[in-house]
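Report on the following structure.
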Amino acid sequence: MESRYKSYHSIEKLPELVGETVTINGWVHNITGKGKLQFIQMRDGSGFVQCVVFKGNVSEEVFEQCKQLAQEASVSITGTVRAEERSATGVEVDVQSVRIWQIPTEQYPITPKEHGIEFLMEHRHLWLRSTRQHAIMRIRAAVAKAIRDFFDGNGFKLQDSPILTPNACEGTSTLFETKYFDLGNAYLSQSGQLYAEATAMALGKVYTFGPTFRAEKSKTKRHLTEFWMVEPEMAYFDLNDDMDLAEDLVEYIVQYCLQTCQRELAVMGRDISKLEKVRRPFHRMSYTEAVEWLNANNVKLNKKNEDGTETQYDFPWGEDFGAPQEEAIMSQFEKPCIIHRYPTEVKAFYMKRDPENEKVVMAMDMLAPEGAGEIIGGSQREDNHDLLLERILHEQLPQEAFQWYLDLRKYGSVPHSGFGLGLERTVKWISGAEHIREVIPFPRMIYRIVP
RNA sequence: UCCGACUUAGCUCAGCUGGUUAGAGCAUCUGACUGUUAAUCAGAGGGUCCACAGUUCAAGUCUGUGAGUCGGAGCCA
């Protein structure tokens with residue numbers, strides 16, 4: 001699509017414009033001088049390019065203007081695109097003229113040298129300009145686009161779930177609470193799933209894609225208090241259909257990023273060959289098989305005793321997996337692995353029990369390789385009114401708050417399934433970022449809400 | 001919430017068994033340089049040693065309390 005406003009050129013298109021005169025609107029990423037030669041690293045959001053000024057080739061005035069430039073000065077540079085094999089993108093720009101918009105009067109805080117994470121987080125609003133963060137944000141945009149394209153192209157309808165909700169969705173997590181006029185307290189949604197079940201009964205296949213909130217005091221490199229999650233919900237899908245869809249989605253996202261984010265993945269130093277292996281079918285095993293594998297491979301469960309010492313146990317059936325178990329299981333795989341049919345006691349009330357084994361529910365989690373951990377959690381939902389009510393009462397949830405949800409099982413109840421995929425965890429895995437705080441522009445964490 | 005660590009120049013850090021004037025690299029400023037991209041070389045300026053209390057002739061250094069941050073665990077996407 002041609003822009004009506006295109007009186008300038010984006011840096012990412014410069015390799016197609018060798019020999020032409022272009023104008024770049026951007027910022028000075030870095031500047032180094034060498035006497036009569038100035039090198040200006042320019043960025044414009046689409047990419048980075050080096051602009052070169054030689055004193056003998058421009059007027060005295062232009063050369064002096066360039067010498068005044070400082071890191072993060074905003075400037076429009078007009079010059080000729082020249083093929084240059086020493087450049088990473090294959091081109092450079094020979095400067096003809098510059099228009100200076102602003103030169104910072106104070107030193108830009110983030111220098112090309114090393115910085116600590118605390119300092120960078122304090123300056124997150126500026127840190128986003130650096131090459132690595134720039135690459136991550138473009139990968140994030142690609143992942144989000146792949147998700148929307150995948151669902152839109154497969155007959156799903158986007159249906160937004162409310163963010164302000166009257167009750168705890170799963171009844172387990174700690175939620176952010178706020179006053180809601182005269183109606184008491186409202187909570188920031190931790191999942192759009194229950195509402196997606198309602199819209200799925202109206203539209204067949206739906207997905208909700210938006211922010212979710214968890215007030216848990218999690219403090220790890222894969223937790224945020226505010227994160228984005230896409231949650232498809234499908235009428236007439238059983239657990240196998242659900243797992244098939246999850247595999248299709250993840251394969252599509254990874255392949256889309258491989259096609260469209262080569263430069264960004266290179267900036268991240270990402271091992272592309274690992275991502276290229278993410279092809280269907282993924283691995284699958286039941287929870288019970290996973291427990292048997294753990295015990296067969298001598299992966300013990302460490303538990304602290306009262307005196308502070310640790311004792312190792314065989315992993316007991318019925319206990320939920322922690323990070324050590326997930327890592328051990330995934331260490332054997334190069335592709336994602338779906339673990340399904342978890343013990344009823346460790347999973348949410350709305351999950352359908354396995355008709356062949358009352359002790360497990362039709363739940364599934366997808367674990368990503370390379371230590372990325374859980375990126376998807378989903379299940380087939382309980383579609384029987386009486387069994388669902390029984391679970392609600394058993395979990396001591398307020399029945400009246402779930403009346404509308406129970407209604408879905410009274411009027412044309414059907415088997416249905418869905419899952420949630422964490423956007424940030426997926427971006428972290430694909431990009432190879434060390435910490436989840438790097439893959440969202442302004443992370444919200446237990447000890448940080450600024451900037 | 002639990003366990004552990006850290007806090008010294010704008011940034012990243014060093015600073016020994018407590019000792020008299022507080023250290024480096026980078027950044028900034030000045031000068032040199034036509035191939036730099038974390039440029040190099042020469043010079044200059046730059047400090048509430050997180051806060052409070054204590055021990056001591058003497059505290060950046062030892063002790064206590066508090067604050068902030070980081071790392072790990074649990075919870076989960």
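Residue numbers start from 1 in every chain, and the chains themselves are labelled A, B, ... in the order their sequence lines are given, proteins ahead of strands.
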Is the shortest side-chain N to carboxylate O distance from A/Arg381 to A/Glu233 below 4.0 Å?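 Here A/Arg381 pairs with A/Glu233 in a salt bridge, since their nearest N and O are under 4.0 Å apart.
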Measure from the side chain of [X], starting at C-beta and using heavy atoms only, and say which of [options] lies closest.
X	options	value
A/Thr220	B/G74, B/C76, B/U37	B/G74
A/Met229	B/A38, B/A77, B/G74	B/A77
A/Arg448	B/U69, B/C75, B/G71	B/U69
A/Thr32	B/A39, B/A77, B/G74	B/A39
A/Gln50	B/A27, B/A77, B/U36	B/U36
A/Lys219	B/C76, B/U37, B/G72	B/G72

Base-pairing assignment for [N] (Watson-Crick or G-U wobble, both under 3.5 Å):
N	value
B/U63	B/A53
B/G46	none
B/G10	B/C26
B/A5	B/U69
B/A38	none
B/C16	none
B/A77	none

Can you measure [X] atom [atom1] to [N] atom [atom2] for me and round it to whole angstrom units?
X	N	atom1	atom2	value
A/Ile376	B/A77	CD1	P	11 Å
A/Lys217	B/C70	NZ	P	15 Å
A/Arg222	B/A73	CZ	P	6 Å
A/Ile375	B/A77	CD1	C1'	9 Å
A/Asp365	B/C75	CG	C1'	13 Å
A/Leu423	B/C76	CG	C1'	16 Å

Does A/Arg437 have a side-chain nitrogen or oxygen under 4.0 Å from the phosphate oxygens OP1 or OP2 of B/G71? yes
Do any side-chain nitrogens or oxygens of A/Lys113 fall under 4.0 Å of OP1 or OP2 in B/A38?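 No.
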[atom1] spacing across the pair [N] / [M], given as an integer number of angstrom:
N	M	atom1	value
B/U40	B/G47	P	25 Å
B/U55	B/G64	P	15 Å
B/A24	B/U65	C1'	33 Å
B/G68	B/C29	P	36 Å

Of A/Glu327 and A/Asn57, whose closest RNA chain B nucleotide lies nearer the 5' terminus? A/Asn57
Name the residue closer to the 5' end of RNA chain B, choosing between A/Asn30 and A/Thr111 according to the nucleotide with the nearest heavy atom. A/Thr111
Compare the ring of A/Phe227 with the six-membered ring in the base of B/A77 and state whether they stack (centres under 5.5 Å, planes under 30°).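 A/Phe227 vs B/A77: stacking yes.
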Using the benzene-type ring in the case of Trp, are the ring centres of A/Phe209 and A/Phe151 under 6.0 Å apart?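 For A/Phe209 and A/Phe151, the ring centres are not under 6.0 Å apart.
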Does A/Arg425 make a side-chain donor-acceptor contact with the base of B/C76, cut-off 3.5 Å? yes
With a 3.5 Å cut-off and just heavy-atom distances, do the side chain of A/Gln38 and the base of B/G35 make a donor-acceptor pair? no
Please name the residue in the list A/Lys221, A/Lys428, A/Arg132 that meets the salt bridge (charged side-chain N to carboxylate O under 4.0 Å, His left out) test with A/Glu438.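 Of the listed options, the one satisfying the test is A/Arg132.
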